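All figures in this text were calculated on a predicted structure; none of them were measured in a lab. Atoms considered below: every heavy atom in the structure, side chains included; atoms not considered: hydrogens, waters and symmetry mates.
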Amino acid sequence: MEDVGDEDSFVDLYCAEVKDPPPTPQSGCKETQMESLLKDLGLEQHYNEKISLSTILQIDEKTVTDEPVKCNSDLPWYFLKKLMMVNVTARNVKFPSGCDLNCDSASGNTGLDLDKLLDSSNTGNMLNPLDVITALLLCSDGFVQQEMALKMSMCQFSVPLLLPNCDTEKCTLMLWAMRDIVKKYRPQSLSESKGFIEDRIVLSDLPMISFVRLGECSLSKSEILNKLLSNSQQYHDTFVHGNMECGDSPRQISNGLVEMTWYLPCGNKNMDLFSEPVAIANLRGDIASFETQYSFLCQTSTAVFVFFDNLDSECRLLTNQHQKAQIFLVGNYESKRFGLDALKKVATNLGLTNSNIILKTKGMNDADFVRNLRKTVRDVVENPKMKMPIEQMADIAHELGILVDEDSPECQTAKKNADLITAEIQDNLKYKEAQLPRQGQIWKELTRLEKEEFRLRKVGSENIEMYKSNLKVQKKKLRGKQNSYDISPAMICFINAISSPGIERSYFLKWMRINLDNLSREKLSGLREQYKKKCKSSENKEEIKDIDRQLSNSSLGTEHFFREMGQIYEASVSLPKTHPSRQQLQHLPKLCAELLLDGFPLELVDGDASNIPLRWVSDVLSQLNDLVSPKSKILVVTVLGVQSTGKSTLLNTMFGVQFAVSSGRCTRGAFMLLIRVNEDVRKVLNCDFMVIIDTEGLKSPELAQLDDSHEHDNELATLVVGLSDITIINIAMENSTEMKDILQIVVHAFLRMKEVGKKPKCQFVHQNVSDVSAHDKNLRDRKLLLQQLNEMTQAAAKMEKKEENKLFTDVMEYSPDTGNWYIPGLWNGNPPMAPVNAGYSEAVYELKKNIIQMLGNCESSNNVSEFTEWMSSLWNAVKHENFIFSFRNSLVADAYMRLCTEFNKWEWEFKKEMYTWVTNAETRISNFGKFVVRSQNHDMKEFLACLKSEACTLLSKWETKLLKNLTEYFKQTEGHVYLVEGYKEEFSNSAKSLRREIERSAFNRITAAAEIKQGMAELERVKKNHTEELEGRVCALVEKCRKKKVKMTDTELDREFEKMWNETVDALSFSKQKATNVFTSVSHSLRANISRKGSCACEVLSQKSLQECGLEHFKYTAEGIVNKFKKFFNIQGHTIAVQKMADSIIEACSQFADEKVDKKSNYHDTYIEEILLMIDERLQNNQELKTGIEFEVSLKQHICGFAARKFQKMHEDFIQENDPYRCLLQNKEKFRADFKDVFNERDQCQKKAEEFTYKCLKPAVEDFVNRSLGPDIIGEMQTRYEFKTRMYFQYSILFALFTSGNFENYLSYICSYEDYVKKWTLSQIMEHFSNPCKAFEFEDRHIQSSINSINNAINKAKTGKSGNLKTFVEDICKELGDKLVISQDALGAFMILNNADQEQFAYWLIDPSCVSHRTAVSH
């Protein structure tokens, strides 16, 4: 009896007992056996009337009680209850028998009775788990079978491939049952790229290896298989075996069952047992009794492993099969029945080698034996001779007379209908546009208009009623456009198919979901690959964005078809009641209501458009109300949380439902699903149906880039919280920060629910927390959470003027002790081979019981029509909210203000540093070429490139500093920083944007300075040549006069000088500097700017010459059709608003032009480009004021006209100022004085020192001080409260306006806001600096800095090897070149006829009297 403990040997013993040679009694025996077992399990009525999904999913007494199994008839429901909650203990079907209970009661007897211990039977009348599973599968419809297979696969249980029926002696291929199983895995080939394969298992082309038994066998095949498939660290009972609970009970109806499982690698060499995926099949029972199943396995497998103890030497079964599979023999040499000779004979007949035979020899333990077996299997997997997807196995099944579950006429008709629709899909996006046209851009635009009708965000100065009327006209047009489309062929097929009888309709929708999922998965995997490739290079930003958009838009599911159906219906409702189209489509809501009743989800909120098709959903629910009892009550449970935190999985586990959880789809919005409540608990729960609402898309990474994603989340959260009786807030530990953002939204939503008399209940679910001490350890965290919720509630209540709500619990029912649930991770081990964690399932079950208990305590429940009405009014309330959540929380506002204050400080430091650098760069450019500049660049282009590189380095340094400051700021724990975590990215973007803005401005300024400097190079050369010529003539005159050796009077010297001057000036050529036509240059820039606006703009531009523009005051008149029908429209307000905007832009541009003119430099094209950019930005910021292209062009012409006039004069003045002849005349008297000094040999040292100080240094110091005062004044003003942040600034302006009580001020503020603000700011500066001491303090600091720099330069030049005074002065100027702009003309004039002694000159320069003179002249 050594084999009796083995599972299969029990079966053989059992079969020996029941076997009877005559066929008819055998058949009768089996039939009786089947009937007997079904009767024992209480399933006899379900053999013909199959169990449906709605029966399993309904809420009944068993759902909410932990009543133990008392008899066999409880077992199927116990198994299903556990399996629907994906509990890996579902197969533990043992329950305490009467004997066990008696033994327990007699446990007080402490006597010794070994015989009694030996007589006790473990199995008794316990049923084998496989019999329970087989019986349930035989008694269930296709959808329950499919759900069972899916959940069994998640538990890593084997699933049925061939299901036997001992009544008919036929078996069925369970193709449909396995259709819904989708697996993800990573073969070794993808381990480096970290890619993965996701596929429907019946379509996967995998090698299958089958394990069968011939005769009796002392090895437990199923237990060996479990060890074969299990990692040493992660053993799991995939197959039921004899050493499991009740696994040793004799099988009654499950012999002939072929089970299947899969080994799927994770891509880790150290963990994977097999590098490639493989399917494993296991036949229950002896192949001698089940030849059909064995034959099927031989033709579909790449290898068949036959377990045996004793082989028949003829072995007809092994030799006669027309198998395609390799045969491997697995035997136990230690068995008494083992025959080596028979094995040799069979192996020879089959042509087997040693590698095809695996024996468990003496001294070999199970681990060694399994290792040998695994090596053989690995060899087969790595070199498979055949691969066959399960779908193809149907053909072989038909040949062998095996039934296929998909062959039912309803399933096949439904498949044809679904294939007819999905076969046409090549590109999801194009298909949606062609076949589902009503839900795309039209529906989104309708949503926008609908919300705008409530929120009136862009009404501006328009008449509100007219504006609303216009919105209604636009909506009507869009509905008309929807009605203009014919119903597409795909939608006709879809509506016809869902109009078919119940079971066929269910098959159709399942086929549709399967087909669409397959297509989306295929499309998405391709897009993900493209995305990976493109992400490797930073140059592909646009392409990456495009793929991102495609990933978001490529989702296509049955919800899109129902959405289209809803839009078809809503569009038809806008038609007259008698219209034929409207009459024909009246049945659509009823179809959808029937589906809702059958357990299919209804899309409540369309996530793509962020809207509820209110008429459609209301009419569906109205029809639902007609289908059920009018008084049927409903209670609503909602789950809310960040995307990909397992909310859908939580609901699916809790209620056994199927919300979309596949990674192949990106669903948005909210879906509702109806679950029946059984009569036995209706009175307890006070409801007939439970509504489950699943939400998707909160904080979705795909949608974060969309402008309205934040608003979408807020609306969704408000709606679902408002609809629910219990809200489950799902928090995964890694997403707690995002969830805090959601909590703020929820608090406000709850507060508004209180206003309408609803106080929802709330449960916080913390996922991925497995520690048993979590509840106690997290006590502090729960208190902190409640404290934060209380703070938020108080802040929200303050904002809502409901300050009686002091605590979170005033607004909603929540207890920190009972309102928090800690749920461990979903998987027990490393996927894809990990089963669902039993702890997860049990924790979710406890939560479910608690929720149902809480629902039972709900004061009242709504009926369907009340729910519909409540949903409509709530959605209208949501639409009325004008972006309520973005800043309604004072905690957030306070934290935001603190952040703004800090950021303003960093921003000002950055701007100040860059202002100083640019000023310094302009100085260096101005001094370029005057002397040998320290930069050593002799070419202006090189010098400019060098400056730009220097600027980029400094800009990058400051950008990095700003971002680092931001990161550090968010690390601190004070000031509610966590509340503004969501704004971190916004401020990061501001820092990057600031860098770009300053970079553009800096580059423009230094480029303009460089180009102006280059433009003056020729002029400077001419002036220098003229000066040198004159100096030569004067020196010659001195020599001539000295040769006369007569003392000459001043009058005689003047006469000689005058004669020489006239001769020289006549001899010099003065080419007149030609002024550029600035109007031409400005016209080119304006045309380039306007050309991007289209042909109409260019046409308007051509109608008027720029010289004619800007001469008169700009006046706006209403354009086009608005003007023609002005008697019907109130356009006066609009005209005034546009005129105000135009005046403001003109004023800003005029001021910019005046600033440039005041600098008295030459004109540069960047000036007009800056003005055009300023106009574009301001027009962009005032988009709500609807103006046409004519307005834009005429405004730009007006501004460019007056700006060009100012710049033309500036340019001409500059040319005149720098005219060589004029410059010579200016220095005539200086030449005369120097001539006399040289002739008379007077000492020039003191005079030249004063001249250098007064003519060269003083203007340079004045210019430096003036340029440096601006940042000092701004920095000083920023220390005042009024200028700390934008909010304080606005508040101070309004407060000053209010306290002044001056009507003129109010008028100025209303008519010209910018002017008023500038004047007010200037008055504040004047007031602050009314005591001149502060300004003098700044001036003195910069003057002292300049004097120090000058003294240092003189001392450094003295230590140098200056050959003469000219070199000495140039050395001084070179040292000061980075700080002071010394006039070339003044310096040139100073150098003429300069015979001063270098040392004496230096002495007089740093003489105290001279220094004090410098200070005085600077002041």
Trainee: Would you say the side chain of Arg179 lies within less than 4.5 Å of the side chain of Lys510, judging by non-hydrogen atoms?
Mentor: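 A side-chain contact under 4.5 Å is absent here.
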Trainee: What's the shortest heavy-atom distance between Leu591 and Ser499, and which atoms?
Mentor: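 Leu591 and Ser499 have their closest heavy atoms at CD1-OG, 3.5 Å.
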Trainee: Please confirm whether the backbone N or O of Met126 pairs with a side-chain atom of Ser249, one donor and one acceptor, at under 3.5 Å?
Mentor: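 Yes, the answer is positive, given that a donor and an acceptor are paired below the 3.5 Å cut-off.
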Trainee: Heavy-atom count around Glu846 CD within 6.0 Å, excluding the residue itself: above 12?
Mentor: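 Yes.
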Trainee: Would you say the side-chain atoms of Ser140 pair up with the backbone N or O of Leu137, donor to acceptor, closer than 3.5 Å?
Mentor: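 Side chain of Ser140 to backbone of Leu137, a donor-acceptor pair under 3.5 Å: no, none is there.
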Trainee: Keeping the roles fixed (side chain from Ser841, backbone from Ala838), state whether a donor-acceptor pair exists under 3.5 Å.
Mentor: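 Pair absent, no side-chain N/O of Ser841 close to backbone of Ala838.
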Trainee: Say you draw a straight line from OG1 of Thr638 to CG of Asn730; how long is it, rounded to the nearest 0.5 Å?
Mentor: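 Thr638 atom OG1 to Asn730 atom CG measures 13.0 Å (nearest 0.5 Å).
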Trainee: Which heavy atom in Cys592 sits nearest to a heavy atom in Phe562, and how many Å separate them?
Mentor: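 Distance-wise, the nearest heavy atoms are SG-CD2, 4.2 Å.
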Trainee: Locate the shortest heavy-atom distance separating Ala834 from Asn828; write the atom from each residue and the value.
Mentor: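 Shortest heavy-atom separation between Ala834 and Asn828 comes out as CB-O, 3.6 Å.
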Trainee: Just by distance, do the side chain of Trp176 and the backbone of Gly142 share a donor-acceptor pair under 3.5 Å?
Mentor: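 Yes: the side chain of Trp176 pairs with the backbone of Gly142.
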Trainee: Can you tell me how far CG of Asp619 sits from OG1 of Thr868, rounded to the nearest 0.5 angstrom?
Mentor: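 If I round to the nearest 0.5 Å, the distance is 9.5 Å.
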Trainee: So do the side chains of Leu41 and Ser73 get within less than 4.5 Å of each other, counting heavy atoms only?
Mentor: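 Not in contact.
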Trainee: Measuring from Leu650:CG to Ile728:CD1, what's the distance to the nearest 0.5 Å?
Mentor: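 Leu650 atom CG to Ile728 atom CD1 measures 5.5 Å (nearest 0.5 Å).
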Trainee: Please list every donor-acceptor pair under 3.5 Å in which a side-chain atom of residues 673-685 meets a protein atom from a residue at least two apart or in another chain.
Mentor:
residue	atom	partner	partner atom	Å
Asp680	OD2	Glu61	N	3.2
Arg682	NE	Val677	O	2.8
Arg682	NH2	Val677	O	3.3

Trainee: Rounded to the nearest 0.5 Å, what separates atom CE in Met690 from atom CD in Gln58?
Mentor: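 Between atom CE of Met690 and atom CD of Gln58 there are 12.0 Å.
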Trainee: Strictly below 4.0 Å, N to O, side chains only: are Glu842 and Lys82 in salt-bridge contact?
Mentor: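 A salt bridge links Glu842 with Lys82.
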Trainee: Mind checking whether Trp870 and Leu723 have side chains closer than 4.5 Å, heavy atoms only?
Mentor: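 Yes - at least one pair of side-chain heavy atoms lies under 4.5 Å apart.
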Trainee: Quick one: are Leu43 and Trp77 in side-chain contact, heavy atoms under 4.5 Å?
Mentor: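 Contact flag for Leu43/Trp77 side chains = yes.
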Trainee: Atom NZ in Lys81, atom NZ in Lys62: separation rounded to 0.5 Å?
Mentor: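 It comes to 9.5 Å.
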Trainee: Would you confirm whether His236, through its side chain, and Cys155, through its main-chain N or O, come within 3.5 Å as a donor-acceptor pair?
Mentor: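 Between the backbone of Cys155 and the side chain of His236 there is a qualifying donor-acceptor contact (under 3.5 Å).
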Trainee: Taking C-beta and beyond as the side chain, do Asp688 and Ser629 meet within less than 4.5 Å on heavy atoms?
Mentor: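 Answer no - side chains too far apart.
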Trainee: Enumerate donor-acceptor pairs with a distance under 3.5 Å from any side-chain N or O in residues 594-602 to protein atoms, sequence neighbours excluded.
Mentor:
residue	atom	partner	partner atom	Å
Glu594	OE1	Arg505	NH1	3.0
Asp598	OD2	Arg505	NH2	3.4

Trainee: For Asn837 and Pro824, which heavy atoms make the closest approach, and how far apart are they?
Mentor: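 Here Asn837 and Pro824 meet closest at ND2-CB, 3.8 Å.
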Trainee: Do Ile133 and Leu136 have side-chain heavy atoms sitting under 4.5 Å apart?
Mentor: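 Ile133 does not reach Leu136 side chain to side chain.
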Trainee: Under a 4.0 Å N-O cut-off, is there an ion pair linking Glu147 with Lys151?
Mentor: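 Counted as a salt bridge, because a side-chain N and a carboxylate O are separated by less than 4.0 Å.
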Trainee: Closest approach of Pro129 and Arg91, non-hydrogen atoms and distance?
Mentor: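 For Pro129 and Arg91, the tightest heavy-atom pair comes out as CG-O, 3.5 Å.
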Trainee: Identify the heavy atoms of Ile253 and Asp131 that sit nearest to each other, and give their distance.
Mentor: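 Looking at all heavy atoms of both residues, the shortest contact is N-OD1, 3.0 Å.
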Trainee: For the residue pair Tyr507 and Phe143, categorise the inter-ring angle as parallel (less than 30°), tilted (30 to 60°) or perpendicular (more than 60°).
Mentor: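 It falls in the tilted class, 30° to 60°.
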Trainee: Are the side chain of Asn863 and the backbone of Glu866 linked by a donor-acceptor contact shorter than 3.5 Å?
Mentor: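 A pair under 3.5 Å: yes.
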Trainee: Roughly how far, to the nearest 0.5 Å, is CG of Leu640 from CG of Leu716?
Mentor: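 Reported to 0.5 Å precision, the distance equals 7.0 Å.
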Trainee: Would you please test Cys139 and Leu38 for side-chain contact (heavy atoms from CB on, under 4.5 Å) and show each step?
Mentor: CA-CA 9 Å; Cys139 293; Leu38 293 182; 3.8 Å; yes
Trainee: Distance alone, cut at 3.5 Å: any donor-acceptor contact between the side chains of Trp821 and Gln763?
Mentor: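 Looking only at side-chain atoms, Gln763 and Trp821 do form a donor-acceptor pair, the distance falling under 3.5 Å.
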Trainee: Should the heavy atoms of other residues, nucleotides or ligands under 6.0 Å from NZ of Lys849 be counted, would the total exceed 12?
Mentor: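 Check passes, neighbour count above 12.
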Trainee: Test Cys762 against Ile729 for side-chain contact (heavy atoms from CB on, under 4.5 Å), laying out the working first.
Mentor: CA-CA 7 Å; Cys762 182; Ile729 309 287; 3.6 Å; yes
Trainee: Strictly below 4.0 Å, N to O, side chains only: are Arg513 and Asp180 in salt-bridge contact?
Mentor: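 Here Arg513 pairs with Asp180 in a salt bridge, since their nearest N and O are under 4.0 Å apart.
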Trainee: Applying side-chain contact (heavy atoms from CB on, under 4.5 Å), run through Val605 and Leu719 and close with a yes or a no.
Mentor: CA-CA 9 Å; Val605 179; Leu719 179 79; 3.3 Å; yes
Trainee: Could you tell me how the ring of Tyr822 sits relative to the ring of His766: parallel (under 30°), tilted (30 to 60°) or perpendicular (over 60°)?
Mentor: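 Ring orientation, 0 to 90° scale: parallel.
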Trainee: Got a donor-acceptor contact below 3.5 angstrom from the Thr653 side chain to the Thr649 backbone?
Mentor: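 Yes; at least one donor-acceptor contact below 3.5 Å.
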Trainee: With the side chain counted from C-beta on, respond yes when Val240 and Phe157 share a heavy-atom pair under 4.5 Å apart, and no when they do not.
Mentor: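 Not in contact.
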Trainee: Got Met654 and Val639 here, is their nearest side-chain heavy-atom distance under 4.5 Å?
Mentor: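 Contact flag for Met654/Val639 side chains = no.
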Trainee: With distance as the sole criterion, is a donor-acceptor pair present between the side chains of Ser52 and Thr55 under 3.5 Å?
Mentor: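 On atom types as modelled, these side chains qualify, holding a pair under 3.5 Å.
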Trainee: Let's go through Leu127 and Leu75 carefully: what are the C-alpha distance in whole Å and the side-chain angles of both, what is the deciding distance for side-chain contact (heavy atoms from CB on, under 4.5 Å) to 0.1 Å, and is it a yes or a no?
Mentor: CA-CA 9 Å; Leu127 297 175; Leu75 286 176; 4.0 Å; yes
